[in-house]
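As the structure is a prediction and not an experimental result, all values here were calculated from the model. Chain letters run A, B, ... following the sequence lines, proteins first and then strands; every chain starts at 1.
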Amino acid sequence: MIWLLRPPLELLQPQAVLAVGALCVLAAGASRRVGLGLIKAMAGASVLAALLMLMTTPFWAASPPLLSSDILGWAFQGLFLCAALPLLYLMKPADEIPPALVLASVLGMGLIAVSGNLLMLFIGLEMMSLPAYLLVARSRSPQALEGAVKYFFAGSAAGAIFLMGMALHFAATGALSLEPSTDPLGIAGAFLMIATALFKLGAVPLHFWLPDVYEASDPELTAFFSTGLKAAAVLFLTRLAPLAPPWAMAWAAALTILFGALVALRQKNLQRLLAYSSISHAGFMLLAVAAWMAQGRSPRASLAVFFYLAAYLFMSTGTFLWLKTEGVSEREEMRGLGKARPLSAAALAVLLLSLAGIPPTAGFAAKFLVFWEAFKAGLYVPLILAGLGALVSLGYYLGLIRDMYFEEGTKPLASAPHPARAVVLACAIASILLGLMPWL
Amino acid sequence: MSAHWLTMLWALPAVGGLAALAGGRHSRWVALLVSAGTLIYSFSFPGGAVISSSPTGPFGISYSLACDGLSLSLCWLTAFLTLICVIASWKKDFTPGYWAAFLFLEAALLGVFLARDLLLFFVFWEAVLIPMFFIIGLWGMEGRRKAAMKFFLFTFFGSIFLLIGSIALVTYHHAATGIWTWDMAVLKGPSGRAGLAVFAAMAIGFAVKIPLVPLHTWLPDAHTEAPAAGSVMLAGVLLKMGIYGFVRILWPVFPQLTWQLLPWLGLAASINVIYGALCAMAQNDLKRLIAYSSVAHLGFCLLGILSRTPEGLLGGSIQMINHGLTTGTLFLLVGFLYDRGHRRGLGDYGELFRRAPWMTFFFGFTMLASIGLPGLNGFVGEFMSLLGMARALPIFALLGVVGVTLAAAYSLPAYQAVFWDAPGKGSVSHLVTDLDAREMALLSVMAGLMLLLGLYPGPLLRVMQPFLLGLVP
Amino acid sequence: MNPLVWSASATLFLFGLAALILRRELLAMFLGLELMVLAAVLALGETAARLGDSEGFVAVLLILAIAAAEAVVGLTLILRVHWSGRPPETEALRELKG
Amino acid sequence: MIQIPLAVYLLFLAPLTALAFGFFILRPWKPEWTHIPILISCVVVTISTAFLAAFVYSGHGLDGTLFRWMMAGDWSIVFGVRVDGIGVAVLSMVSLVGALIHFYAAGYMKGDPGFSRFFLFFHLFYLAMIGLLVSNNYVQFYLFWELVGACSYFLIAHWLHKPTARRAALQAFMTNRVGDFGLMLAVLLILARYHNTRFAMLYTIAPGMAPELLALSGFLFFWAAAAKSAQFPLYFWLPDAMEGPTPVSALMHAATMVTAGIFLLVRSWPLIGSVPGLPNFIAAVGAATAIGAALLACTQKDLKRILAYSTVSHLGLMAFALGLGQVAAALFHLVVHGFFKAALFLCAGNVAHGSGKPTVSVDEAGGLKRSLPLTYACFAIAAMSLAGVWPLAGFYSKDAILDAACERGPWAMAAGLAIAMGGALYISRMLFLTFFGPRAEQKPGEHVHEAPLIMILPVALIVVGAFSVGWLGRHFTHLLLSGWPETVPLPVLPELSAKVSGMGLAAMGCGVAISYVLTMRLPSFDWDWRRRHPGLEAAFACDLGWRKVVAWFAAVVVRGADRIGRVFDHEVLDAAIEKSADACQKLSQTGSSLATGSLSDSLWWLMTGAAALLAWAGLR
């Protein structure tokens, strides 16, 4: 047990390490003498240290005033840190700022994980979002700036709505804690805060920023967004769970799944297609959270939520990094890859099948658990709609595989082996192993 | 017979598939060895019920396989047809992926027939789609891409209902008995409206595979566009998964509900028989005709299974095996014809009896078996199924016999158009040469089996009997 | 729950919202944004004063700090748009769509 | 278990070994020798049949099982053998006539390209017919019944290059298939109720059977017999089946296959007999078919088509006899008919073979008495036997039926006499036109030579049978008695009363006289009425409109199938899937157009989303 902080605050130890790491990175960068490689290594080291710290802190310790933590929060922190690793490993920053921003963003997510009351939640939210806007701005794609501006305005508007909700909640209950209040003002406040959570998650009516941001940023950054930020949004939602009505969430989830899958059918740009597919997956996560809430926050249902995110972490990271390694951005360029680059095409095929939820893969196990919890929670009609959404999403996942294998393509033979290819293969294999988990 | 014996049965082709992938030029020899080995290995199992299950994992899910008479005979059929497909597509220079896909397909199919855990069954059930999708899509005919997509999406639509049905079944079972279990033998379905809903959901999943008429439109495209060996496996085994699902899962889990639904399901099966025959009469593409005839034959299987009488159940089960052999041979022959003339239309050939007498003989022989000439294997299955249905609901037996009569109405004109009638304007019958030694050996083995099963089906019936007789109410 | 202050805060919030949605220039939208934040802060402060609860005041202070950080990020982005030669309006930023 | 004599096994093993030997060894190596093992197996079968006839004649019956065919739980269908009076009577005729026709075919088909294929199918048919006659339960009976139909399909279409032969074969098989629908359904219903369809069991349970099941299965048996034995509704395939080679027509469409239907009715007589209205119905249909076919036979030109219609007429006569309750008389006529009709067909074959053309029309042949003396002699005897001239076999069998008809009543007697006269009319017309003095319009073949010995000898032997079988009446009834259940009385062949025989001979006499006058005295009559009444000729050509009805029905089925198969299946069901896919694409189009890319729109959506949630909160 490494003691950095006095007992009640050891919950914050992973965040403390991240903060120190960020400062060191900035300092090293400012001194101009330290190479970028070393800076990235420092950032990576601090993430790993945070992971170590996380493993060793007894999350069940007494929770100080502003903080509270449970198994879900603890597990999600692990997810955030794992999501940051591939980004730090693969990003080619112009200077020391982006690694620091990544650390700051992960710090924000950590704060959400351990927050006990609304204020800490808001701080974590903003700490997570602000670096994200800048990271998008620093991406290499031509529309990076446009994406960043859209992301900033939408994110800040959501923050403002959250604040209004917090104010109403404070007026109703007199405290910033997370207990649900019954009088109308409190409920209105709760719903505004839920709206912010849905916005961060990308639920349908509030999702319009997501495709633009995912298309604007580099593939590895999108991977971080789709796994890290989405997990944080889910956790944010679970923190607000006592205030939310499960049925509304379930219907929003079904709508999100169907809409995301449908719009993705005709997308030409691959990152935008995967953005809409991540919206569809956000729908499934929302359905899982709704089922979890409907069953009175039973631990088993939370396993479904966590497992879905863990599986999605591998699938999404693998797919986005595949885009980076193969340098493919338009759907036409996918034609004929099956013959041109057999190994990487096979890896992507496995990842796509996992995203679609075809049995031997982790995607199926995740969807299966969500379906099971949703059925136990009695959300029958949203379940059927989710099934149809999965069918429609299979349309474009299979479409990509068809383009790769059944069409004759123009892509040249395998380009130079890219370091990330190993990560993609690891993700593909992981998504098979996770799928067979119930029987291993 | 501990678990790993059965695991090895489906794992052998899976590992063989990986070896074939890496095999490069020798991958077809690897495929031959592995499929022959699996066939021999599958014969080493005694006919009796072999139950082998590992400790139940989380949420009642367990890795349990079992192999009784019905599963064993279907495993024999799968292994045998895979070996036949490997030999049949020997000459054509396929990439290693082709052989690997067939071995993976065989592994998944064996898994389906061996699984006793409902979730394990579902995983194998969907795993079958992936190799088949690539077989149709990569090595199929002109319209293969659309057919492969339609095949995968259509079956996936069915499987979603199957998944939701299974989950509902397990949850209701837990509500009734308080224990989480996914073991098919233990599960009992709820009664009343909930039971009906769960039954309907799972039945839709199986009906897409059988295929029952309104859900059958994927079948003609998939069969026509698949390569010859692909059609053999598709018609030979994949269609039987639906019927197997009904017998293995729905009958034991909903014993009294299936009896109440007998009139509706019987009507659906009879429509299948008549509709399939009428559609077959209207086709002028040989493969589409055989595909629609499969729809009719599977209707007979279902009629037999539905009757819940000993002869009906056994009739339906042996019809599955017989249909696998007969239609498999028909597709092989059409495949050999397509290799020579690169056409499938009825008008494209003519007077083949002059240039290819042996092909004429074998096609005639198999066609007689498929229209149910007594003495050949088609008759045994159809007769016992209709007999079972005659004991349960005679009106559907009447419709079944009308289907038997119509069977000749679409097979004979097609046979005559291709092999006897004078060739039309754009015919390619001058390209057709007679069968070579390999094809002759293959077809004579199949013909011999058809004759044997037609005249002396006793041993196979005795193997299938134990499980099926338990289903008689 | 002082009705006067709450109505002021509500109107401020709605003005901010209107500015954010209707105006085309990015700066005007940013001002609307800040207006919405301040409306929330006003409501929060009034309740804290009414209840005499110190937690509310701590919240107000922290929120103001965060709003400042937001302003930094927002303005740098708007400046970058301006430096990139495009007028800082939403119409200039329409390439990402579909 | 009764010890089954070797002869029974030989019945099956001899043909099987001959077929196997022929197919696997001779066909690929030396096809022209295929007939040798087959002829040997014919001889073996005939000898073992003779042995079985003696065995049954000496009072023994036999009903044993060989092996279990299909089984389910405690129930099973067996492969068995039943050798009793009825079976052996018909079996002896079938095996003898069949063997002789095999020898004839060896000569007739020599040099034909499909020689080995012909002989293999010919002998498989022979095996199937024998199996049918000795099977002991309905399912096994159904097996051989279908096998006979399938062999007839391949034999009728033996000359594959002839489109008419192919069409006739398909028509024959489909009509038989429609008939088999009845047999299969009846067998299924009986099997479902009684779990056993052995003939022996049938005699015991027939009385106790439920009336509606009894009536239904009885009618379905008759429906199957109508298709196989060419009775009124389903007879039209037989005249077209003449497209096949003559031995096929002789064996199949005269002696054996067509009699299978009557044999089925006799086999299941305890069941059909006890249905109240059925025998009269069968008698009526039989009489109608007989008279109609006789009328049509008089107007046909082609030799073999005349004989085909004559067969339909005689089968009608047998059904008529059955309807009157005269099972023994029907069987006796079946045996006798087998002999003289086979002889007539083989003579027609010799005429065709001699003149080098596949089929001979009455117009072309004429005055062949001088050039084909032997064929003329055989043809004349067989024709007179058919007509019912006194010492010949035909007289005895037809007279037995006439006797029963007279007892039944005036209508039956009138029908019997009409059939007798019609029969005499068309057969003597054929005799006079073909063999007597060439008439003006006829163009006799350049030079018609007599058939070789191998083709004349079998005809002669069969004619001897046609000549003498009539005298074996007494022995025939004694043969039938063994194996027939005591419970059901088998009416014995009636003694021939002088009055009835006189009336029969008179009817035959005036029939011959009429045809003599119309053909010899008015030589141009046969052509004049065709030229003067083309409409009448057309009516006769399409069997008084019945062929049009059948053609219309077939067209309805095919068009219905086409509408379902092509239109409904493709346009409706398939289109449903395609439309749902297009709907997804359109929805996706509208969805992606929502994202206009402008920041204010997305913020607007953000606010509406939040407002919607607020509204939901207000609602609750």
Among the options L20(C), L17(C), L26(C), pick out the one with the most heavy-atom pairs lying under 4.5 Å from chain A. L26(C)
Heavy-atom cut-off 4.5 Å, strictly under: side chain, backbone, both or neither for I123(A) against chain C? both
Which atom names give the shortest non-hydrogen contact between I63(C) and L119(A), and what distance separates them? CG1-CD1, 4.5 Å
Side chain, backbone, both or neither of L134(A) within contact of chain C (heavy atoms, under 4.5 Å): side chain
Residue selection (most heavy-atom pairs with chain A, distance under 4.5 Å) from A39(C), S84(C), A10(C), A40(C): A40(C)
Compare every heavy atom of L33(C) with every heavy atom of S156(A), then report the nearest pair and how far apart it is. CB-CD2, 3.0 Å
Do you know the tightest heavy-atom contact between L51(C) and G174(A)? CD1-CA, 3.6 Å
Member of I78(C), T90(C), L77(C) meeting the side-chain contact (heavy atoms from CB on, under 4.5 Å) criterion with V149(A): L77(C)
On a heavy-atom basis, the closest approach of L96(C) and A216(A) is CD1-CB, 3.9 Å
Has the side chain of E146(A) got a donor or acceptor atom that lies under 3.5 Å from a matching backbone atom of E95(C)? yes
Given side chains that start at C-beta, do those of S129(A) and E70(C) come closer than 4.5 Å, heavy atoms only? no
For a side chain to side chain contact (heavy atoms under 4.5 Å, CB included) check, start with the C-alpha distance between W6(C) and L168(A), then their side-chain angles and the critical distance, and finish with the verdict. CA-CA 10 Å; W6(C) 270 92; L168(A) 289 172; 3.5 Å; yes
Parallel, tilted or perpendicular: which describes the rings of F153(A) and F30(C), with under 30° parallel and over 60° perpendicular? perpendicular
Part of F208(A) within contact of chain C (heavy atom distance under 4.5 Å): neither
Please report the closest heavy-atom contact between M164(A) and S9(C), naming both atoms and the distance. CE-OG, 3.6 Å
Which of G74(C), A48(C), A43(C) touches chain A most, by non-hydrogen pairs under 4.5 Å: G74(C)
Heavy-atom proximity to chain C below 4.5 Å, by part of Q143(A): both
Please state whether the side chain, the backbone, both or neither of K268(A) comes within less than 4.5 Å of a heavy atom of chain C. neither
